[in-house]
**Q** 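Got a structure here, written out as structure tokens. Questions coming.
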Amino acid sequence: MSPRPFVRWPDKLLRTPAHPVEAITDDIRSLWDEMVEAMDAMPGVGLAAVQLGVPLRLAVVDASDKRGQSIRMANPEVLHASVELREHQEASPNLPGVSAVISRPRAVTVRFMDESGTYDRRDFVGLWATSVQHQIDHLNGRMYFDHLSRLKRDRLIGKARKLRVG
């Protein structure tokens with residue numbers, strides 16, 4: 001089976017909140033495997049199911065140096081975010097060719113359903129925290145550039161359109 005393509009901005013799916021996952025099934029585990037493969041192929045440090053056109057609250061994150069440490073999450077939600085912020089250059093395969101420096105909480109505590117179907121709570125720091133927040137944004141119908149001023153966002157989208165046409 002060929003991999004699913006990335007949904008391209010401005011597809012409305014990228015602006016639609018994803019549906020909660022009721023239970024962890026073999027189909028969900030298979031989709032997580034596909035998501036990890038797509039994330040590693042980018043290469044990236046996280047991926048949300050909506051980016052591949054699946055409107056479910058599923059995400060994978062792997063900000064490890066070695067790779068192969070991905071955390072699979074269903075219905076992730078931030079319970080606590082640090083006051084201290086961290087800046088990081090963010091991008092998305094849904095809007096290729098552009099990126100922007102985004103400021104997000106440096107650390108977050110996230111609750112999510114794990115591979116066994118039980119809810120877990122985990123603290124993420126640094127790049128892990130940035131990636132988890134980026135994926136949760138996707139699941140809520142938001143893109144990283146929504147954190148920019150209107151002027152910077154418009155410039156970024158304009159640049160991406162020029163790259164796509166050219």
Side-chain angles (χ1 to χ4, degrees), residues 1-82 85-86 88 90-96 99-100 102-147:
M1 186 171 99
S2 62
R4 294 171 212 249
F6 290 107
V7 174
R8 295 295 292 253
W9 174 261
D11 191 298
K12 69 177 183 165
L13 183 63
L14 295 170
R15 285 296 192 201
T16 307
H19 303 290
V21 173
E22 300 300 323
I24 305 304
T25 63
D26 287 343
D27 286 346
I28 296 291
R29 288 184 189 93
S30 178
L31 181 55
W32 267 330
D33 290 344
E34 185 180 339
M35 291 167 63
V36 168
E37 207 172 294
M39 172 184 68
D40 288 345
M42 281 191 282
V45 293
L47 192 70
V50 296
Q51 294 180 267
L52 296 176
V54 181
L56 291 174
R57 295 188 72 77
L58 295 170
V60 294
V61 176
D62 187 350
S64 64
D65 292 333
K66 292 180 261 173
R67 303 304 279 187
Q69 310 295 312
S70 34
I71 296 173
R72 297 157 189 243
M73 297 178 276
N75 307 325
E77 60 178 319
V78 175
L79 299 177
H80 175 76
S82 67
L85 300 178
R86 173 184 186 275
H88 188 75
E90 295 188 32
S92 175
N94 306 101
L95 189 69
S99 63
I102 305 297
S103 187
R104 297 183 186 267
R106 187 187 73 79
V108 290
T109 300
V110 177
R111 179 179 184 263
F112 60 93
M113 193 186 318
D114 66 17
E115 292 175 83
S116 69
T118 57
Y119 272 91
D120 193 3
R121 177 186 299 229
R122 190 174 284 196
D123 295 326
F124 295 96
V125 181
L127 184 56
W128 284 91
T130 297
S131 182
V132 168
Q133 293 171 82
H134 181 111
Q135 306 324 315
I136 290 172
D137 274 357
H138 275 301
L139 299 178
N140 292 331
R142 292 177 50 108
M143 296 283 288
Y144 71 92
F145 53 75
D146 291 327
H147 294 274

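Only heavy atoms go into these numbers, but all of them, side chains included; no hydrogens, no water, no symmetry mates.
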**Q** Could you tell me which non-hydrogen atom of Pro93 sits nearest to which non-hydrogen atom of Met42, and how far apart they are?
**A**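 Result for this residue pair: CG-SD, 3.4 Å.
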
**Q** Kindly compute the distance separating CZ (Arg15) from CG (Asn140), expressed to the nearest 0.5 Å.
**A**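 Answer rounded to 0.5 Å: 11.5 Å.
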
**Q** Could you walk me through whether Leu31 and Arg4 pass side chain to side chain contact (heavy atoms under 4.5 Å, CB included), step by step?
**A** CA-CA 10 Å; Leu31 181 55; Arg4 294 171 212 249; 3.8 Å; yes

**Q** Is the backbone N or O of Glu115 less than 3.5 Å from a side-chain atom of Arg29, with the two atoms forming a donor-acceptor pair by type?
**A**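 Checked: pair present.
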
**Q** So, do Arg72 and Ile24 sit near enough that their side-chain heavy atoms are less than 4.5 Å apart?
**A**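 SC-SC contact between Arg72 and Ile24 ruled out.
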
**Q** Side chains of Ser92 and His138: closer than 4.5 Å at any heavy-atom pair?
**A**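 Yes, their side chains come closer than 4.5 Å.
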
**Q** Okay, side chain of Ser70, backbone of Val36: is any donor-acceptor separation there less than 3.5 Å?
**A**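 Not a single qualifying donor-acceptor pair exists.
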
**Q** Suppose we screen for side chain to side chain contact (heavy atoms under 4.5 Å, CB included). Which residues come up paired with His19, at least two apart in sequence or across chains?
**A**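 Per chain and number, His19 pairs via side chain to side chain contact (heavy atoms under 4.5 Å, CB included) with Pro55, Leu56.
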
**Q** Looking at every non-hydrogen atom in both residues, tell me the closest pair between Phe124 and Met73 and how far apart they are.
**A**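 That closest heavy-atom pairing would be CZ-SD, 4.5 Å.
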
**Q** How close do Gly46 and Ser131 get, heavy atom to heavy atom, and via which atoms?
**A**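 Nearest heavy atoms, Gly46 then Ser131: CA-OG, 3.5 Å.
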
**Q** Tell me, do Phe112 and Arg122 make a side-chain contact under 4.5 Å, heavy atoms counted?
**A**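 Answer yes - side chains close enough.
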
**Q** Are Trp128 and Val110 side-chain neighbours, meaning at least one heavy-atom pair lies under 4.5 Å?
**A**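 No, side chains not in contact.
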
**Q** List the steps, then state whether salt bridge (Lys or Arg N to Asp or Glu O under 4.0 Å) holds for Asp137 with Arg104.
**A** CA-CA 12 Å; Asp137 274 357; Arg104 297 183 186 267; 3.0 Å; yes

**Q** What heavy-atom pair brings Ala59 and Trp32 nearest, and what distance separates the two atoms?
**A**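 Answer, listing the atom of Ala59 first, then Trp32: O-NE1, 3.5 Å.
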
**Q** About how many Å separate CG of Leu95 and CE of Met143, when rounded to the nearest 0.5 Å?
**A**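 Result: 5.5 Å between the selected atoms.
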
**Q** Please lay out, stage by stage, how Val45 and Arg67 fare under the test side chain to side chain contact (heavy atoms under 4.5 Å, CB included).
**A** CA-CA 9 Å; Val45 293; Arg67 303 304 279 187; 4.0 Å; yes

**Q** List the residues meeting side chain to side chain donor-acceptor pair (under 3.5 Å) with Asp62, not counting sequence neighbours, and say none if there are none.
**A**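 Asp62: side chain to side chain donor-acceptor pair (under 3.5 Å) contacts with Ser64.
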
**Q** Do the side chains of Arg86 and Leu127 get nearer than 4.5 Å, heavy atoms only?
**A**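 Side-chain contact under 4.5 Å: yes.
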
**Q** Could you check Val7 against Val50 for side chain to side chain contact (heavy atoms under 4.5 Å, CB included), going step by step and ending with a plain yes or no?
**A** CA-CA 8 Å; Val7 174; Val50 296; over 6 Å; no

**Q** Rounded to the nearest 0.5 Å, how far apart are CD of Gln51 and CE of Met39?
**A**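 Between Gln51 CD and Met39 CE, I get 11.0 Å after rounding to 0.5 Å.
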
**Q** Identify the heavy atoms of Ala129 and Pro105 that sit nearest to each other, and give their distance.
**A**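 Looking at all heavy atoms of both residues, the shortest contact is CB-O, 4.3 Å.
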
**Q** Please check this pair: side chain of Glu37 against backbone of Asp33, looking for a donor-acceptor N/O pair closer than 3.5 Å.
**A**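 Side chain of Glu37 to backbone of Asp33: no pair is present.
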
**Q** Is the shortest side-chain heavy-atom distance between Val54 and Met35 below 4.5 Å?
**A**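 They are not in contact (no side-chain heavy atoms under 4.5 Å apart), so the answer is no.
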
**Q** Per the side-chain contact (heavy atoms from CB on, under 4.5 Å) rule, which among Met113, Glu22, Arg111 passes with Asn75?
**A**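 Option passing the side-chain contact (heavy atoms from CB on, under 4.5 Å) with Asn75: Met113.
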
**Q** Go through the steps to decide whether Ile102 and His88 satisfy the test side chain to side chain contact (heavy atoms under 4.5 Å, CB included), and finish with yes or no.
**A** CA-CA 6 Å; Ile102 305 297; His88 188 75; over 6 Å; no

**Q** Less than 4.5 Å apart, side chain to side chain, heavy atoms only: is that true for His134 and Val61?
**A**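 Heavy-atom side-chain distance check fails, nothing below 4.5 Å.
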
**Q** Any salt bridge between Asp11 and Arg8, counting N to O under 4.0 Å?
**A**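 Salt bridge flag = no for Arg8 with Asp11.
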
**Q** Report the distance from atom CG of Leu139 to atom OG1 of Thr16, rounding to the nearest 0.5 Å.
**A**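 Here the interatomic distance stands at 12.0 Å.
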
**Q** Measuring only between side-chain heavy atoms, which start at C-beta, is Pro76 closer than 4.5 Å to Gln135?
**A**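 A side-chain contact under 4.5 Å is absent here.
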
**Q** Go through the side-chain N and O atoms of Asp114 and Ser116 and say whether any donor and acceptor fall under 3.5 Å apart.
**A**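 Asp114 vs Ser116: donor-acceptor pair found between side chains.
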
**Q** Got a sec, which residues hit ring pair (Phe, Tyr, Trp, His ring centres under 6.0 Å) with Phe145, two or more places apart in sequence or on another chain?
**A**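 For Phe145, the residues satisfying ring pair (Phe, Tyr, Trp, His ring centres under 6.0 Å) (neighbours in sequence not counted) are Trp9.
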
